[in-house]
Undergrad: 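First the structure, then my questions, so here it is.
Note that the structure is predicted; figures quoted are calculated from it, not measured. Letters A, B, ... are given to chains in the order of the sequence lines, protein chains preceding strands, and every chain is numbered from 1. What you see below is based on every heavy atom in this structure, not just the backbone, and it leaves out hydrogens, waters and symmetry mates.
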Number of protein chains: 2
Amino acid sequence: MGVKERRTREKEQLRRQILSAARELFVNEGYESVSMRKIANKIEYSPTTIYLYFEDKADLLDSVCKETLLDLLNTLERLKEDTGDPVEALRESGRAYVEFGLKYPQDYKLTFVIRPQFQKGLGLQQGSVGERVFNYLRAMVSECIRQKAFRQVDVETTGQALWSAVHGVTLLLIDFSDFPWTEKDKLIDMVIDTMIDGLTA
Amino acid sequence: MGVKERRTREKEQLRRQILSAARELFVNEGYESVSMRKIANKIEYSPTTIYLYFEDKADLLDSVCKETLLDLLNTLERLKEDTGDPVEALRESGRAYVEFGLKYPQDYKLTFVIRPQFQKGLGLQQGSVGERVFNYLRAMVSECIRQKAFRQVDVETTGQALWSAVHGVTLLLIDFSDFPWTEKDKLIDMVIDTMIDGLTA
DNA sequence: CTGATAAAATTAACAGTGTTAAGTTAAGTT
DNA sequence: AACTTAACTTAACACTGTTAATTTTATCAG
């Protein structure tokens, strides 16, 4: 039965086509400014066809964000070099997180700001990619504490505090691009280093 | 000439009426979901009347946010107690900032997330209320350094880093309300205290 | 090759959007 | 009572997300 498999493949292909058209438009014009008709035009299908592949516009956003989170997770996990210094590893991960956000500012905002607004109630489910990203952070913090590089702080709260800090600087740099920031990397380092200094015994 | 003054007063009154209707709707239904027609209905005027008082929907948002910033500035300045301990004062201001954001989450998002998206290029002009809020923070940091409570760090970068941290935790708590956060105040304190510890000599 | 069956994609419609241009109503002045 | 100006409204434009009904396309059985 090669036919059914080909059909499945073709469906998957169109799904991906829709997804990549949606991402490009969302990123360039903003989620709200993109209409289903625009996406449909881009892929040269009728608007309603999209509804055969995605529940609605929010579901489309959801799928785009899931890809972004996977991309972020890959970026972070690629860093794992086992240098033996868990604090330095955490510092590098923090930098990589912010840089990821600044490299794909609109994707970052879609994932961490826009999406939560459009699907209240189910932001970070068990087993989701988002949870896996946070687990990565949790593991790094945990290692810092285990090796006594950090003072005896609560892993959970510490991880959340670190996330807060990097999330904050990422968003400010994206949203207030005309603010008279000091040199960008200096600020990023300041945020991360200050947090780590505060956690170091 | 009492007539002209009455007219001016009446105009100002309607302006405020529009503004407060817009704020209520923006906060309860989200900026994008609110139409000019909805606002007009609420105040029992035709939609186009609003355009006699505000340039467009973004200008309306702008004016709402300006009020929010004034409110935030007042909240912060009310704290000034001159306890003599600049670090403690900064800590309290940080807490007050986050609490303000959590007390009016939608107003906070409108001001610090939505607005920047809808008027790119002019986010924090000279003399704006936003600038005054940051000046307040700058002064507090400056005092900490002057009194040698902080090590010799750059005022500008430090202020921006602190803003990043409080902004981050505020937004995460607002946007990911279903995330398994540790106790809310514990997290807020952790973020602020860790930053301050990192800045303390 | 024909007809049936199921899947895929489309058309038309609904009630809504921000905004503009033109027109109307009301108030104050002479 | 006629004129002027400010305040407001009506009608229109080209859009929006989404649904129901319909048509097209592709596959299979005979």
Undergrad: How long is the line joining CD of B:Glu55 and C1' of C:dT20, in whole Å?
TA: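 So the two atoms are 14 Å apart, to the nearest Å.
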Undergrad: Which value, rounded to the nearest 0.5 Å, describes the distance between B:Asp71 atom CG and B:Cys65 atom SG?
TA: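 Atom-to-atom, B:Asp71:CG and B:Cys65:SG are 12.0 Å apart.
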Undergrad: Looking at A:Thr49, does any N or O in its side chain come under 4.0 Å of the phosphate oxygens OP1/OP2 on C:dT10?
TA: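 True: A:Thr49 side-chain N/O within range (under 4.0 Å) of C:dT10 OP1/OP2.
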Undergrad: Any sub-3.5 Å donor-acceptor pair from B:Gln160's side-chain atoms to A:Thr182's backbone N or O?
TA: yes
Undergrad: Side chains of B:Asn135 and B:Arg138: donor-acceptor distance under 3.5 Å anywhere?
TA: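 Distance-only check passes for B:Asn135 and B:Arg138.
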Undergrad: Does the structure place the NZ or CZ of A:Lys57 under 6.0 Å from the centre of the six-membered ring of A:Tyr31, at an angle of no more than 45° from the ring's axis?
TA: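 Satisfied, under 6.0 Å and within 45°.
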Undergrad: Applying a 4.0 Å non-hydrogen cut-off, can you work out what A:Tyr45 is touching in the nucleic acid: base, sugar-phosphate, or nothing?
TA: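 Since only primed, P, OP1 and OP2 atoms lie under 4.0 Å of A:Tyr45, the category is sugar-phosphate.
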Undergrad: Between atom NZ in B:Lys11 and atom C1' in D:dT5, what is the gap in whole Å?
TA: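 Interatomic distance, NZ of B:Lys11 to C1' of D:dT5: 12 Å.
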Undergrad: Hey, is the side chain of B:Arg37 pairing donor to acceptor with the base of C:dG18 inside 3.5 Å?
TA: yes
Undergrad: Could you check B:Asp189, B:Asp193, B:Asp85 and say which one makes a salt bridge (charged side-chain N to carboxylate O under 4.0 Å, His left out) with B:Arg91?
TA: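 Testing each of B:Asp189, B:Asp193, B:Asp85 against B:Arg91, the sole residue satisfying salt bridge (charged side-chain N to carboxylate O under 4.0 Å, His left out) is B:Asp193.
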Undergrad: Looking for any heavy atom pair under 4.0 Å, which part of the strands does B:Tyr53 touch: base, sugar-phosphate only, or nothing?
TA: sugar-phosphate
Undergrad: Send over the distance from A:Phe118 CZ to D:dG17 C1', rounded to a whole Å.
TA: 12 Å
Undergrad: Answer yes or no: does a side-chain N or O of B:Ser35 lie under 4.0 Å from OP1 or OP2 of C:dT17?
TA: yes
Undergrad: Atom CG of A:Asn41 and atom C1' of C:dA9: how far apart are they, to the nearest Å?
TA: 15 Å
Undergrad: Calculate the interatomic distance between B:Tyr51 atom OH and C:dA22 atom C1'; express it in whole Å.
TA: 17 Å
Undergrad: Of the nucleotides D:dT18, D:dT19, D:dT10, which one has an atom closest to the side chain of A:Met36?
TA: D:dT18
Undergrad: So, is B:Lys57 near the phosphate of C:dT19, with a side-chain N or O under 4.0 Å from OP1 or OP2?
TA: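 No.
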Undergrad: Among A:Phe26, A:Phe100, A:Tyr97, find the residue that satisfies the ring pair (Phe, Tyr, Trp, His ring centres under 6.0 Å) test when tested with A:Tyr108.
TA: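 Result for ring pair (Phe, Tyr, Trp, His ring centres under 6.0 Å) with A:Tyr108: A:Tyr97.
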Undergrad: Can you tell me the distance, in whole Å, between the CD atom of B:Glu12 and the P atom of D:dA7?
TA: 13 Å
Undergrad: Nearest to the side chain of B:Leu52, heavy atoms from C-beta on, is which of D:dC8, C:dT10, D:dA11?
TA: D:dC8
Undergrad: In whole Å, I'd like the distance from the CD1 atom of B:Ile18 to the C1' atom of D:dC8.
TA: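 Taking CD1 of B:Ile18 and C1' of D:dC8, I get 11 Å after rounding.
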Undergrad: Please determine whether a side-chain nitrogen of the Lys or Arg among A:Asp175 and A:Lys109 lies less than 4.0 Å from a carboxylate oxygen of the Asp or Glu.
TA: yes
Undergrad: Could you state the atom-to-atom distance from CD1 of A:Ile50 to P of D:dT18 in whole Å?
TA: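 So the two atoms are 10 Å apart, to the nearest Å.
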Undergrad: Consider the side chain of B:Leu14, meaning its heavy atoms from C-beta on, and name the nucleotide among D:dT18, D:dC8, D:dT9 that approaches it most closely.
TA: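 So the nucleotide nearest the side chain must be D:dC8.
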Undergrad: Can you give me the dot-bracket string for DNA chain C, 5' to 3', counting Watson-Crick and G-U wobble pairs with both distances under 3.5 Å, using [ ] for crossing pairs and | for partners on another strand?
TA: ||||||||||||||||||||||||||||||
Undergrad: Using atom types as modelled and distance alone, determine if a side-chain donor or acceptor of B:Thr68 lies under 3.5 Å from a backbone N or O of B:Val64.
TA: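 Yes; at least one donor-acceptor contact below 3.5 Å.
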Undergrad: What nucleotide, of C:dT10, C:dG18, D:dT16, holds the atom closest to the side chain of A:Ser46?
TA: C:dT10
